[in-house]
Trainee: 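Pasting a structure below so you can have a look.
Along the sequence shown, residues are numbered consecutively beginning with 1. This structure is a prediction, so every number in the text was calculated from the model and none was measured.
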Amino acid sequence: ENEVQAKYRVYITKNKAEATVLGYQVNSPSEVLKPGLVYFAPIHYKAATPVFIVNSASKADIIIYWVDSKDKAMWKK
């Protein structure tokens with residue numbers, strides 16, 4: 001999506017401490033069963049929650065750090 005249409009601006013970080021979400025990317029929308037599980041729809045699909053990837057944490061509404069399992073995925077407090 002473009003930034004105007006996006007509901008959230010998202011930054012992908014390599015710094016776990018600055019993350020607001022510990023994310024795990026799943027392969028289908030039906031796998032998004034709890035906070036932190038993320039599915040990126042192909043460009044030709046209408047996303048349930050359009051996002052725009054930004055290049056700076058200071059521009060982001062949500063900061064994602066990728067984790068290596070579904071069990072670790074969550075919103076951080």
Side-chain angles (χ1 to χ4, degrees):
E1 293 288 334
N2 67 47
E3 191 168 7
V4 174
Q5 295 173 319
K7 183 170 183 177
Y8 299 106
R9 293 171 306 215
V10 174
Y11 177 69
I12 309 300
T13 184
K14 293 183 180 182
N15 178 357
K16 186 177 182 179
E18 78 175 335
T20 56
V21 173
L22 300 181
Y24 182 83
Q25 191 170 345
V26 296
N27 296 316
S28 73
S30 64
E31 293 181 79
V32 180
L33 302 174
K34 71 174 198 168
L37 297 179
V38 178
Y39 173 71
F40 288 109
I43 195 74
H44 58 277
Y45 285 97
K46 180 69 176 156
T49 305
V51 300
F52 183 76
I53 306 297
V54 294
N55 61 6
S56 167
S58 64
K59 297 177 182 177
D61 303 305
I62 299 169
I63 302 171
I64 298 176
Y65 174 84
W66 296 121
V67 294
D68 59 5
S69 78
K70 290 180 182 181
D71 294 336
K72 295 177 184 175
M74 72 174 101
W75 281 94
K76 287 177 66 180
K77 300 205 181 216

Trainee: Minimum heavy-atom separation for Trp75 and Ile62, please, with both atom names.
Mentor: CH2-CD1, 3.8 Å
Trainee: Are there more than 12 heavy atoms of other residues, nucleotides or ligands under 6.0 Å from atom NZ of Lys7?
Mentor: no
Trainee: Starting at CD1 of Ile64, measure out to OH of Tyr8 and round the result to the nearest 0.5 Å.
Mentor: 12.0 Å
Trainee: Enter the distance from Leu22:CG to Asp68:CG here, rounded to the nearest 0.5 Å.
Mentor: 11.0 Å
Trainee: Work out which heavy atom in Ala6 is nearest to a heavy atom in Val51; give both atom names and the distance.
Mentor: CB-C, 3.7 Å
Trainee: For Glu31 and Leu37, which heavy atoms make the closest approach, and how far apart are they?
Mentor: O-CD1, 3.3 Å
Trainee: Closest approach of Val32 and Tyr39, non-hydrogen atoms and distance?
Mentor: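 Here Val32 and Tyr39 meet closest at CG2-CB, 3.8 Å.
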Trainee: Using a 3.5 Å distance criterion without hydrogens, assess whether the side chain of Lys34 forms a donor-acceptor pair with backbone atoms of Ala73.
Mentor: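 Indeed, once roles are kept as given, a pair shorter than 3.5 Å links the two residues.
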Trainee: In sequence, state the C-alpha distance, the side-chain angles, and the governing distance for Asp61 and Phe52, and then conclude on side-chain contact (heavy atoms from CB on, under 4.5 Å).
Mentor: CA-CA 10 Å; Asp61 303 305; Phe52 183 76; over 6 Å; no
Trainee: As an exercise, state the distance from NZ of Lys76 to OH of Tyr65, rounded to the nearest 0.5 Å.
Mentor: 9.5 Å
Trainee: So for atom NZ, which belongs to Lys16, do other residues, nucleotides or ligands contribute more than 12 heavy atoms lying within a distance under 6.0 Å?
Mentor: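 No, NZ of Lys16 has 12 or fewer neighbouring heavy atoms, counting only those of other groups under 6.0 Å.
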Trainee: Roughly how far apart are Gln25 CD and Trp66 CH2, rounded to 0.5 Å?
Mentor: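 So the gap between those two atoms works out to 5.0 Å.
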Trainee: Taking it one step at a time, do Val26 and Lys70 satisfy side-chain contact (heavy atoms from CB on, under 4.5 Å)?
Mentor: CA-CA 8 Å; Val26 296; Lys70 290 180 182 181; 3.9 Å; yes
Trainee: Tell me the closest heavy-atom pair linking Ile63 and Ala60, and the distance in Å.
Mentor: CG1-CB, 4.1 Å
